[in-house]
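Letters A, B, ... mirror the listed sequences (proteins, then strands); counts begin at 1.
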2 protein chains.
Amino acid sequence: MDGLNEGGGPLRADETAGEETCPPFDLNRFLPYLLNRAGSRLVEIFSEELRRRNLTLPMWRVMAVLWHKGEQRIIDLTGETSIEQSTLSRLLATMDGRGLVSRNRNRSDGRAVLVTLTTGGKELTAQLIPIALRNERAVQNGLTAEEIRFLHSMLRRIFDNSADLKP
Amino acid sequence: MDGLNEGGGPLRADETAGEETCPPFDLNRFLPYLLNRAGSRLVEIFSEELRRRNLTLPMWRVMAVLWHKGEQRIIDLTGETSIEQSTLSRLLATMDGRGLVSRNRNRSDGRAVLVTLTTGGKELTAQLIPIALRNERAVQNGLTAEEIRFLHSMLRRIFDNSADLKP
DNA sequence: CCGAGATAAATGCATTTGCATGTTATGCAA
DNA sequence: TTGCATAACATGCAAATGCATTTATCTCGG
């Protein structure tokens with residue numbers, strides 16, 4: 001601030017970056033950046049609990065989806081967890097090996113594998129959910145219930161919008 | 001729905017999950033899930049443009065931060081990009097090799113490495129920013145400017161809240 | 001019923017990632 | 001100044017990841 005332009009007069013749009021004809025770019029108003037930052041923090045917090053139980057975040061994501069939606073095909077889990085298909089295939093193999101999930105060929109479609117939580121997997125998940133919800137509440141501290149509902153709906157709208165842009 | 005409880009009478013809270021004394025868990029109202037879904041979609045959309053330029057998302061994150069905030073130490077970049085330190089160290093080495101950034105020892109602190117965009121890196125960034133902003137607008141389609149500001153401020157508040165929970 | 005094309009998983013392989021540790025440089029107290 | 005704790009990076013190594021491809025199965029028109 002050189003003492004210029006303090007009266008609030010119009011500024012050239014791309015002054016901050018100072019680079020040819022690139023539009024101004026403010027990270028603090030850039031949705032992907034804000035999403036990534038917030039998401040990574042949440043992950044970081046919860047990871048401690050996961051590590052303590054010898055679990056990884058991708059494992060937890062799978063468990064949460066299976067808990068909430070029940071038996072799923074691998075391909076459906078890719079959509080719900082945002083984990084790539086081959087990665088998920090191998091992840092589920094190790095989770096199976098650890099007794100967290102079971103995998104069974106679909107009787108009516110021999111291509112598909114149906115994944116479900118084992119009893120042990122359910123127990124672990126039931127143990128983690130309260131912690132996850134507690135973290136969620138802590139992180140939402142200061143937000144009203146209405147604000148939170150609004151936030152959720154905005155995130156869903158963004159997700160839906162971006163679905164159209166995918167292919 | 002067996003035709004029971006249709007009158008809207010009170011339901012036991014944890015009926016959905018059907019598991020002992022675990023609180024109800026609805027993914028569609030679970031912030032980490034919604035954040036991850038939205039974030040992953042944005043990544044997915046933009047990744048196409050990155051691949052076309054032989055870049056990765058972590059590279060873009062670094063470039064965006066350097067563009068916006070100028071010369072940074074590696075340790076500062078870890079905070080801004082949510083990329084782990086050793087990963088970042090190696091990523092910057094390859095970005096240096098490709099002429100995207102330059103790395104120089106800090107004169108006043110011989111431990112630190114100062115990273116900055118090269119001319120080539122700036123050009124690529126300047127090329128990508130308009131695309132990133134266009135995607136952002138597309139994904140925010142249907143949201144008012146006020147709603148977007150509100151969303152941003154909520155994400156920042158969540159980020160700040162979670163800072164306190166980190167250690 | 002057959003065969004081409006599509007779908008769901010699994011696998012090969014090179015790259016990336018993250019934890020633990022090593023290396024060099026600072027800061028600071030005694 | 002020396003010595004020691006700390007900070008910033010780099011690196012070794014095992015594990016995770018993603019792309020491309022393969023394998024098995026299903027669909028459907030002919």
Side-chain angles (χ1 to χ4, degrees), chain A residues 36 39-40 43-48 50-62 66 71-98 100-116 166-167, chain B residues 36 39-41 43-62 71-98 100-116 167:
Chain A
N36 180 50
S40 295
V43 164
E44 204 173 338
I45 292 171
F46 195 53
S47 289
E48 171 58 23
L50 294 175
R51 195 163 24 236
R52 193 169 297 163
R53 289 164 176 79
N54 200 25
L55 295 173
T56 64
L57 187 80
M59 287 179 185
W60 156 250
R61 287 191 170 138
V62 168
L66 291 177
E71 191 175 58
Q72 297 282 305
R73 301 181 306 165
I74 293 182
I75 202 162
D76 298 323
L77 287 175
T78 67
E80 292 295 322
T81 61
S82 308
I83 300 172
E84 198 268 342
Q85 184 267 318
S86 69
T87 302
L88 194 46
S89 172
R90 278 180 277 232
L91 174 63
L92 290 169
T94 78
M95 290 179 73
D96 190 342
R98 291 202 202 170
L100 298 171
V101 300
S102 63
R103 297 175 296 164
N104 300 291
R105 283 281 160 196
N106 188 341
R107 290 182 168 269
S108 59
D109 183 345
R111 296 168 299 181
V113 170
L114 294 177
V115 185
T116 181
K166 250 211 323 178
Chain B
N36 179 51
S40 296
R41 270 291 168 77
V43 164
E44 204 173 339
I45 292 171
F46 195 53
S47 289
E48 170 60 23
E49 292 291 339
L50 293 176
R51 195 163 23 235
R52 192 169 298 163
R53 289 163 177 79
N54 200 24
L55 295 173
T56 65
L57 187 80
M59 288 178 184
W60 155 250
R61 289 193 169 135
V62 168
E71 190 175 58
Q72 297 283 304
R73 301 180 307 164
I74 293 181
I75 202 164
D76 299 322
L77 287 175
T78 68
E80 292 296 322
T81 61
S82 308
I83 299 173
E84 197 269 341
Q85 184 267 318
S86 69
T87 302
L88 195 46
S89 172
R90 278 180 278 232
L91 175 62
L92 290 169
T94 77
M95 290 180 72
D96 189 342
R98 291 202 202 168
L100 298 171
V101 300
S102 63
R103 296 174 296 165
N104 301 292
R105 282 282 161 198
N106 188 343
R107 291 182 168 270
S108 58
D109 183 346
R111 298 169 297 181
V113 170
L114 294 177
V115 186
T116 181

* Asked: Hey, does the side-chain of A:Gln85 have a donor or acceptor N/O within less than 3.5 Å of a partner on the base of C:dA8?
  -> no
* Protein-nucleotide distance (B:Ile75, atom CD1; D:dC9, atom C1'), rounded to Å -> 9 Å
* To do: Determine whether A:Val115 and A:Gln72 make a side-chain contact, defined as any pair of heavy atoms from C-beta on separated by less than 4.5 Å.
  => no
* Structure fact -> When rounded to whole Å, the CD to C1' distance for the pair B:Glu84 and C:dT21 reads 13 Å
* Are side-chain heavy atoms of A:Leu100 and A:Val62 found at a separation under 4.5 Å? -> no
* Does a nitrogen or oxygen in the side chain of B:Ser89 sit under 4.0 Å from OP1 or OP2 of D:dA10? -> yes
* **Contact under 4.0 Å: B:Thr87 side-chain N or O vs C:dG18 OP1/OP2** => yes
* To do: By nearest nucleotide on DNA chain D, pick out whichever of B:Leu114 and A:Asp109 is the more 5' one.
  => B:Leu114
* Got a sec: does the CZ of B:Arg52 have more than 12 other heavy atoms crowding it under 6.0 Å? -> yes
* Rounded to the nearest 0.5 Å, how far does CG of B:Leu92 lie from CE of B:Met59? -> 9.5 Å
* Counting only side-chain N and O atoms of A:Arg105, is one of them less than 4.0 Å from OP1 or OP2 of C:dA9? -> no
* Structure fact -> Taken to the nearest whole Å, CD1/A:Ile83 to P/D:dG18 is 9 Å
* Examine C:dT7: is either OP1 or OP2 under 4.0 Å from a nitrogen or oxygen in the side chain of A:Arg111? Give yes or no. => no
* To do: Starting from P on C:dT11, measure out to CG on A:Leu91 and report it in whole angstrom.
  => 15 Å
* To do: Measure distances between side-chain N and O atoms of B:Ser86 and base N and O atoms of C:dC19, and say whether any donor-acceptor pair falls under 3.5 Å.
  => yes
* Provide, to the nearest angstrom, the distance between the CG atom belonging to A:Asn104 and the C1' atom belonging to C:dA9. => 14 Å
* In whole angstroms, how far is the C1' atom of D:dC26 from the CZ atom of A:Arg107? -> 18 Å
* Asked: What's the CG-P distance between A:Leu88 and C:dA10, to the nearest Å?
  -> 9 Å
* Structure fact -> 5'-most contact on DNA chain C (nearest-nucleotide basis), A:Ala112 vs A:Arg90, goes to A:Ala112
* Backbone of A:Gln85 reached by a side-chain donor or acceptor of A:Ser89 within 3.5 Å -> no
* Asked: Can you tell me how far P of D:dA15 sits from CZ of A:Arg51, to the nearest Å?
  -> 17 Å
